[in-house]
Amino acid sequence: MANLTFIVFCPLVAAALIALLPRTFNVLFRLLALVATFLSLVGAVRVFLALDPGATGLQFEQQVPWIPALGMSYHVGVDGLNAGLLLMGTLVAFAAVCVSREITERQQLYYLLLLLMAGGLLGAFVAFDLFLFYVFHELALVPTFLLIGLWGRGEQRNFATFQITLYLSLGALIALAGLIALYVQAGAGTFNLPELTRQLAAQPLPAAAQTLIFGLLLFGFGILVSLWPFHTWAPTGYAAAPTAAAMLHAGVLKKFGLYGLIRVALPLLPAGAQSWMHLLAWLCLGNILYGGLVAMRQRDLNLLIGNSSVAHMGFAFLGIASLSVVGVTGAVVVMIAHGLLAALSFAVSGYLRQHLGTVNLDQLGGLLRAMPFLGGVMVMAMFAGCGLPGFANFPGEALTLFGAWNAHRTVVILAAWGALVIAAVYMLRAVRALWHGPLPERWREARDARGAWVRLPFVLLLGALVVFGCAPRLLTDPLRPVVARLVPAAVEPGATPVQAGPPAPGRAVETAVFTVRREVAR
Amino acid sequence: MSDVAVIGLELAVVLTGLGVLLADLWLAPAPRPRLALVTAAALGLILLASFWVPAEPARTAFGGMFVLDGLALFFKRFFLLAALLVTVLAREFAAGFEAGHVEYHALTCFALAGMMFAASAQHFALLFVAVELVTVTFYVLVSFQRRRRTALEAGAKYLILGALASAFLVYGVALVYAATGALDFAGVARSLAASAGNRLLVTGLLLVGVGLGFKIAAAPFHIWVPDVYQGAAFPTTAFLAVGSKAAGLVLLLRVLFEAAPELTARSGHLLPVLAGLTMGYGVLGAIPQQSLRRLMGYSSIANAGFLLVGLAARNVAGVEAVLFYLAGYLFAVLLVFLVATLVWGGAEGDDIAALGGLGQRAPALAAGLTLGAASLAGVPPLAGFWGKFLLLKAALQAGAEDPALYTLAAVTIVAAVVAIYYYFGLVRAAYWGEATGEARATTLTPLARAGLAACAVGVVGLGLWPAPVLAWARAAAAGLGF
Amino acid sequence: MNPYLPWLVLLAPAVAAVAITLTALRRPATAARWSIGAILVALAASLWLFRHGAGGQTAWVWLDLPGLRVDFGLRVDPLSQLMLVVVTGVAGAIHLYSWGYLRGDPGLPRYYAGLSLFSFAMLGIVLATNLVELFVFWELVGVSSYLLIGFWYERPAAADAAKKAFLTNRVGDFGFLLGIVLVWSVLGTPDLAELEAKLAAAPPAWGAVATAAGLLLFCGAVGKSAQFPLHVWLPDAMEGPTPVSALIHAATMVAAGVYLLCRVFFLLNAPALAVIAWTGGLTALLAALLALQQNDIKRILAYSTLSQLGYMVLAVGLSGAGGNPAPAMYHLTTHAFFKALLFLGAGAVIHALHHEQDIWKMGGLRRKLPVTFWTFLAGTLALCGVPPFSGFFSKDAILALAWERQQYALFALGTGVAALTAFYMFRLVFVAFTGPAKSQAPDHAHEAPPVMTVPLLALTVPTVLAGFWGVDRWYARQYGVASGPAHGWGAQLLEPFAHAPVAAWGGLLAAGIGLVAAWKLYGRALSDPLPARLGAPARWLRDRLYFDELYAALIAATQEGLARVVAGVDRWVLATGVVRGGAGLFELAGRILRHVHTGNLQTYALLLAAGAVVVLWWTLNR
Amino acid sequence: MQAALFYIFAALALVCGFLVVANPFSRNPVTSAMFLVLTIVWLAGLFVLLHAFFLGAVQILIYAGAVMVLFLFVIMLLDLREEERRRFRLPGLLGGGAVAVALALLLRAAIRDGVPPEPAVTGLEGATEPLGRLLFTRYLLPFEVVSVLLVVAMVGVVLLSKKELK
Amino acid sequence: MTPGLEHYLVVSALLFCLGLTGVLLRRNLLVIYMSLELMLNAANLALVAASRFTGKLDGQVMVFFVVTVAAAEVAVGLALIVALYRRRATAHVEDLTTLKL
């Protein structure tokens with residue numbers, strides 16, 4: 001089962017089967033979905049365990065020509081970068097199917113779309129053909145829109161659906177333009193990533209072209225990841241989405257953009273990366289600080305989680321903007337950690353919404369008494385969200401801060417404030433409002449998650465967060481050789497930073513620091 | 001005799017039309033409806049036969065007036081397929097016409113013949129008569145459903161505006177002739193190469209362009225489209241959107257790249273600007289529309305804009321993209337109109353809100369509509385996505401020479417996003433719109449099923465396995481001699 | 001065995017915490033057994049380590065990236081050896097005590113899980129070899145403190161206090177983390193041993209940013225040890241159960257800041273130390289003043305904790321770069337015992353009075369609660385620095401240090417605080433224990449069960465005797481100061497008077513003044529006479545000099561205000577203005593455009609012809 | 001002589017054309033139709049001047065004879081007189097006029113620029129025979145297409161004129 | 001002065017524009033249609049003149065096609081207008097505005 005095609009196509013084949021079944025076989029739909037995502041999960045675990053962490057090349061590689069005329073092929077593989085993402089993706093997919101118990105209408109279509117989404121996003125993470133990469137992403141994206149539209153909730157559903165559809169389509173198209181431009185400019189007549197990498201390593205594009213294409217990719221992918229100020233789709237979209245869609249999108253699919261930046265943009269367009277990184281570093285502050293401050297003011301749990309998810313993406317961007325091995329590694333860890341965390345948060349929030357009918361913080365309170373299990377899970381998730389050690393978010397965020405320090409000093413200082421203080425403020429406020437305080441009479445009968453089956457998704461996600469949080473090397477060791485190859489002219493401590501930073505406040509101090517460091521090196 | 005062999009396909013089509021007309025006179029009323037199937041079968045056979053016609057080497061006939069090359073063959077197959085599906089559509093729509101069912105099919109064949117001649121035109125005389133054959137047939141087809149108030153109005157509008165465009169076309173031909181003394185494309189091209197700056201010639205060619213731009217619904221000659229689309233019957237609208245547009249396009253291709261390559265090369269920003277305008281107009285105008293046909297009219301304008309992007313790129317990749325785009329467009333549009341026919345039939349209106357609850361009462365139709373709309377919106381991995389993908393690729397390739405194409409690519413992206421908005425509106429109406437009172441029984445005839453399946457297979461198949469059609473498109477585009 | 005023994009110390013409570021969470025959340029007895037057993041195992045192992053040291057060091061590589069390698073090692077050196085004993089010892093006593101104090105509370109398993117988690121984290125801080133590792137455990141003690149303060153989460157005050165404690169700590173941690181990053185970026189490693197070696201090899205390398213880095217690291221200590229200006233959370237933290245206050249908010253966690261400073265002492269330079277000293281001194285004075293007018297028994301103790309922490313920080317600051325901060329650790333150690341004792345005593349009182357905490361409703365408890373009273377009195381005397389109690393020696397060491405360093409202002413400040421300390425502590429003793437009963441509550445009080453009194457008695461032993469053992473000499477080994485020969489008991493008692501007579505006599509005199517003043521005012525008082533005498537200043541002190549209000553206003557004006565503005569911008573400008581507006585513009589354009597289609601075919605013809613004309617004109621006139 | 005005839009015919013054609021479009025005295029369609037017939041006749045004159053004798057004849061026979069009769073017949077059938085009571089709207093008037101004038105100016109400029117140098121007028125005669133020969137050899141295909149077009153027209157007219165079936 | 005091609009073309013252009021004016025200004029469908037015929041005739045004139053001055057008959061053949069096509073178009077068009085009139089009792093463009101926006 002340690003076969004990528006198997007992992008990707010398990011959900012897709014199950015989707016096809018569901019489409020062919022009669023409309024009334026409701027139990028079977030769910031069962032099929034569970035089995036398919038579980039098989040994918042098992043496959044991903046085996047791939048992850050069998051991965052050779054020291055290797056730099058692709059493993060489990062498979063390649064079949066698709067459209068030779070345009071240099072497109074079905075080309076999948078894993079290395080240290082996407083193995084963790086794949087594992088996280090399958091895990092979240094399985095959890096998402098588990099929590100889909102809340103759906104009672106049109107189950108056939110629902111599971112069909114959910115499985116399509118799962119297959120698409122898994123495919124996107126293992127694709128090594130740029131075009132395949134894009135197509136798989138879209139395959140996952142389109143069902144998202146339908147899921148939100150059809151099973152969404154709240155008064156803003158319509159608007160949210162349209163907003164997320166249009167915004168993400170715009171982002172995807174811009175990214176597509178970037179990918180096409182890359183293809184055209186490289187002139188190798190291939191979308192195959194390894195070949196393109198070889199080609200561009202031998203003959204780098206001119207700096208101007210790199211800057212242009214990198215810009216397209218940055219903003220195209222950036223929109224997909226809710227890069228500030230293109231983030232407004234995220235909170236409203238997630239607030240309206242059915243639980244599983246929010247979990248899969250916020251958790252996994254959103255990472256596609258970051259993955260694309262790391263996998264495609266950084267190694268192929270090193271000069272372009274240099275020219276955009278400073279802007280990106282400041283934009284990511286928009287995510288971290290602005291997103292965090294907005295989250296502080298939310299009174300709806302889903303909006304709060306949505307905005308916090310915007311904020312967390314900032315760390316991944318910061319890691320990328322650092323252009324250092326440490327920072328980019330941190331970004332990947334943040335991606336995985338946030339994937340699990342977002343899925344977990346939305347799962348809890350979805351449960352609350354389903355059982356209480358509201359997730360408005362002003363109406364809830366003291367629920368820890370009535371729902372100790374969920375409360376415990378949620379409190380842990382919130383801790384993870386404010387970067388507490390022991391959860392995978394901490395190593396990720398810490399690494400991004402460490403990695404970015406040399407290149408973007410002021411940004412790191414402000415980002416640390418966002419990570420340590422602002423995140424804690426809104427997370428703890430949510431805990432205080434939801435779980436602490438006296439339990440109102442009307443929620444006294446609220447039902448906790450009971451039974452192993454109901455608890456399973458929460459336990460799985462939380463467990464993964466803790467495991468990766470305690471042993472981040474599970475993720476970072478395989479990443480190390482890969483990232484070192486992907487990051488152009490990585491900034492190492494002790495080396496002069498590549499980024500000739502602009503005159504920022506505290507520049508004099510920085511200069512002093514660098515001078516000093518050289519002395520140490522000697 | 002060999003000349004006749006070269007136009008064999010067209011002859012077969014004309015004979016089918018005449019045969020159906022005559023059979024209508026001879027047959028008793030009862031078996032007449034089956035003539036639709038006969039027509040469809042005949043067209044299908046001709047379509048099959050067309051695959052035995054070799055595209056290489058290009059053959060000419062009638063003193064070079066008619067050419068059978070890859071491009072022509074590509075479009076002939078395209079038109080045949082379109083007409084075949086339109087015939088199916090018309091059969092399903094039959095209840096909407098009060099009379100003249102068989103004539104409808106015959107006229108479809110004649111219009112098809114006109115389009116097929118157009119695809120092979122190498123001479124302005126053939127161009128003119130072929131265009132007129134198509135246009136005049138459409139005057140009749142548009143006003144066919146006389147029971148609806150709007151059909152005749154649409155017919156009258158199409159009549160006057162079409163005739164006006166024809167007048168421009170003819171006058172353009174006259175000016176071209178006055179400037180060069182030639183009516184064949186090769187002669188005009190030679191003359192143009194000798195005196196590229198001749199303004200009389202340029203004026204003439206531009207006026208020809210106006211006539212053809214009218215056909216493909218390019219801004220600023222697109223203004224008739226929404227009204228006429230809305231007034232016509234579904235099969236007619238579909239045929240207008242697919243066939244008539246493609247006929248204009250193939251002629252435009254021939255004129256731009258065979259009759260006036262010099263002028264095209266020096267046309268500067270004209271084509272990009274027109275492409276951008278057309279796209280923008282189409283997508284913006286479509287936003288507030290309530291009537292499906294009117295929406296599809298604006299969408300048709302927008303698609304004309306997308307197609308013009310390929311022309312504006314002025315490279316072989318652009319033409320290739322245009323051809324592939326059209327192929328995907330054919331299936332998607334016919335899919336949408338097939339669903340519309342089955343939903344509304346010959347009703348007076350076609351309010352999109354009436355789609356409400358379709359997802360529940362007819363999942364197959366809703367799925368078909370979704371597929372068609374998604375393909376038109378350019379969602380991968382459907383056929384429409386490839387079209388947009390190839391167009392963007394061509395534009396970005398051409399951008400290296402003319403940076404205006406980069407801007408055009410940006411406009412294309414924005415327009416594509418806006419297009420997603422209104423296509424998604426269709427899907428939304430079908431799945432989570434309020435179900436209206438008039439829930440028509442939707443039992444599908446085998447023919448309708450077959451049509452739906454064919455279109456769906458086309459949309460998906462072209463998306464998943466675009467290579468063969470892409471290869472044809474590439475070969476056809478290469479024939480234009482870049 | 002030996003190299004792995006520290007892991008046993010560290011992991012035993014962790015295992016207990018996990019086990020309780022997974023298996024015993026509904027079984028209090030099991031949970032208590034797990035937790036108490038684990039801490040006792042840790043205590044035993046600590047004692048073993050204290051006697052024999054660790055035979056080698058083991059580490060677990062937590063992260064290994066180019067330029068950033070984080071080893072999770074456990075460092076057993078004099079500093080951590082004794083600290084381990086202190087932590088496990090106090091924690092052991094308090095674990096036991098809790099079993100009696102919280103008997104019957106349904107949340108007991110959760111409580112023990114939190115307590116074990118805390119022990120794990122605190123031991124991690126003590127043993128950490130690496131700044132990142134230190135930070136990890138640093139955060140974990142913060143979170144366990146949060147969980148335990150908010151143990152009675154249904155009480156809004158407790159929930160709010162927990163949040164406040166965590167957030168205030170986070171502000172300090174913000175500086176701490178940046179300090180770590182700065183140290184790493186300059187010196188290239190977060191490993192303490194490597195850092196020390198590097199600095200020893202090339203001291204000037206550190207120069208330029210040393211002050212900044214030192215102060216940033218100190219930020220962490222300011223937060224955790226509740227130094228001014230982040231002192232506001234500690235009094236509120238008293239909303240937690242009293243044993244928690246004793247363990248976390250008196251004996252160990254709050255002292256972690258001081259421990260941190262001693263750990264990274266080699267990184268601190270003279271300017272940073274000056275700031276540290278003054279911060280500590282100021283905190284000591286401020287807290288002592290605020291303690292004067294508190295009426296809640298736990299709050300009085302909390303302010304006294306603050307004040308004593310101030311002493312310790314002051315001591316670190318006074319040690320001077322490259323000096324010997326052993327007095328700080330000395331005071332930390334003694335303070336851990338006597339303050340834990342005091343809190344447990346207070347807990348016993350509260351327990352006996354059914355959660356009455358106002359000292360003005362107590363009185364006469366000396367007879368009702370004899371064990372509690374005598375142990376409490378021992379703790380008070382230690383706190384006030386009365387010989388021969390341990391507090392006398394450690395406090396004297398600090399005052400002597402100030403005198404030696406010729407920091408006379410700080411010396412005077414320290415001495416004054418000593419007087420204030422005696423005053424407010426004896427105020428508490430007189431009012432609550434010896435004075436007349438001021439309500440019905442004391443009448444029904446009964447002495448606590450043995451499970452609570454035994455820990456009291458156990459803690460009394462070090463409270464009384466710790467001064468004779470030579471804790472400072474032990475710690476001095478850490479800083480390479482040759483320890484002199486051990487004194488006899490008597491000599492040890494007299495040594496301060498011989499070594500630094502001014503400090504010793506001054507401290508004693510101050511304590512005496514405080515005691516006498518307290519007796520005068522409160523010996524028989526039924527209500528507090530001070531407000532009447534002092535007027536407004538007394539009210540200001542009672543209201544904690546309005547720091548909370550000031551901070552609330554400050555935060556509201558800055559961060560909250562900013563959040564309000566930003567959220568408004570997000571909602572109205574971005575989401576509504578730009579996004580909806582942008583979409584609306586497209587829609588509007590569409591709606592306008594459709595009016596071109598008037599339906600009049602002549603208009604259409606006109607537009608068609610006009611289009612043709614424009615195209616012609618544009619192409620021809622170019 | 002030729003020049004004079006050209007100017008006369010041209011002027012008459014233009015004047016009559018103008019009267020078709022904008023007769024200041026009458027807005028009756030019949031008047032327009034009559035002047036269109038006249039225009040066609042003068043154009044036939046010009047054709048003859050250009051030695052296109054066959055086309056001149058065709059012009060008169062088909063256009064003036066058949067087509068215009070059809071027009072008149074329809075006008076009479078429908079009894080159209082209403083336009084008289086409608087006023088022209090100024091914006092439409094100005095816009096239409098401006099577009100027409102602009103087009104005229106553009107065409108004039110193009111013609112001035114683009115007319116090829118005057119070739120020696122050949123002995124080209126637009127006689128019936130060479131025309132017919134050309135029509136049935138080189139132009140056979142368009143000719144046949146036009147025949148299909150005529151079939152379409154027939155079918156179309158029949159369809160459009162059928163009594164409505166209810 | 002012997003009239004040359006330019007003269008003929010100018011006349012034809014003027015006629016074309018006159019026809020266009022009629023299309024743009026007249027309200028009666030029939031008159032508009034007549035104006036369109038005028039435009040076609042203008043094209044015919046240009047073709048014939050060009051044929052004469054280039055010495056080739058192709059232009060005249062083209063005129064033949066134009067005339068034939070125009071006849072067919074007129075037939076269909078008039079039938080359409082008649083049908084429209086029967087249905088709507090109007091031949092005025094201003095009354096044909098059901099389809100709009």
Side-chain angles (χ1 to χ4, degrees), chain B residues 150 153-154 156-165 167-168 171-172 197 199-200 202-203 205-207 209-211 213-214 218-228 230 263 266-270 273-274 277 280-289 294 297-298 414-415 417-418 421-422, chain C residues 63 65-68 558-622:
Chain B
T150 47
E153 179 181 329
K157 283 180 177 169
Y158 191 53
L159 173 72
I160 301 295
L161 294 171
L164 183 61
F168 275 109
Y171 199 71
R199 288 164 82 180
L200 188 60
V202 172
T203 308
L205 286 170
L206 283 176
L207 288 178
V210 171
F214 175 86
F221 321 114
H222 62 281
I223 195 89
W224 57 280
V225 173
D227 286 17
V228 173
Q230 192 183 2
L263 183 62
R266 298 192 304 113
S267 65
H269 292 169
L270 180 64
V273 166
L274 288 189
L277 274 182
Y281 195 102
V283 294
L284 290 178
I287 292 173
Q289 296 308 325
R294 206 166 173 81
Y298 281 101
V414 174
V417 171
V418 181
Y421 173 76
Y422 57 80
Chain C
L63 264 181
L65 289 171
L68 178 61
T558 53
Q559 184 154 303
E560 286 298 320
L562 193 62
R564 203 179 284 270
V565 170
V566 165
V569 166
D570 192 60
R571 172 115 189 254
W572 298 112
V573 177
L574 264 184
T576 307
V578 176
V579 175
R580 280 207 200 222
L585 272 185
F586 276 97
E587 175 125 18
L588 189 68
R591 290 191 183 282
I592 291 172
L593 215 52
R594 72 194 297 218
H595 286 282
V596 173
H597 293 258
T598 56
N600 187 332
L601 88 85
Q602 239 161 355
T603 317
Y604 296 178
L606 177 62
L607 288 172
L608 203 163
V613 167
V614 169
V615 168
L616 277 178
W617 179 81
W618 198 59
T619 314
L620 293 176
N621 291 323
R622 200 160 38 83

Relative to chain C, which of B:A156, B:P220, B:G213, B:A219 shows the most heavy atom pairs under 4.5 Å? B:P220
Which bit of B:V228 comes within less than 4.5 Å of chain C, counting heavy atoms only: side chain, backbone, both or neither? neither
B:L284 versus chain C, the contacting section by heavy-atom distance below 4.5 Å: both
Can you list the steps and then say if C:N621 with B:R199 is a side chain to side chain contact (heavy atoms under 4.5 Å, CB included)? CA-CA 10 Å; C:N621 291 323; B:R199 288 164 82 180; 3.6 Å; yes
Most contacts with chain B, counted as non-hydrogen pairs under 4.5 angstrom, among C:G599, C:A583, C:A610, C:A589: C:G599
Under 4.5 Å heavy-atom distance to chain C, tell me which part of B:Y281 shows up: side chain, backbone, both or neither. both
Nearest-0.5 Å distance, OG1 of residue C:T619 to NE2 of residue B:H269: 12.5 Å
Heavy atoms only: give me the nearest B:L164-C:A605 pair and the separation to one decimal. CD2-CB, 3.9 Å
Can you tell me which portion of B:V283 sits under 4.5 Å from chain C's heavy atoms? Options are side chain, backbone, both or neither. neither
Which atoms form the tightest heavy-atom contact between C:L593 and B:G285, and what is the distance? CD2-N, 4.1 Å
Between B:F221 and C:G611, what is the shortest heavy-atom contact and its length? CE2-C, 3.7 Å
Is the closest side-chain heavy-atom distance between C:H597 and B:Y298 below 4.5 Å? yes
Could you state the interatomic distance from CG (B:D227) to OH (C:Y604), rounded to the nearest 0.5 Å? 3.0 Å
Do you know which two heavy atoms are closest between B:Y421 and C:E587, and how far apart they sit? OH-OE1, 3.5 Å
Quick one: CH2 on C:W618 to CG on B:L274, what's the gap to the nearest 0.5 Å? 7.5 Å
Kindly give the heavy-atom pair with the smallest separation between B:L161 and C:L601, and that separation in Å. CD2-O, 4.0 Å
May I have the step-by-step check of side chain to side chain contact (heavy atoms under 4.5 Å, CB included) for C:V615 and B:L206, ending in yes or no? CA-CA 8 Å; C:V615 168; B:L206 283 176; 4.1 Å; yes
Rounding to 0.5 Å, atoms CD1 (B:I287) and CZ (C:R594) come to a distance of 11.5 Å
Quick one, C:T603 and B:I223 - any side-chain contact, counting heavy atoms below 4.5 Å? no
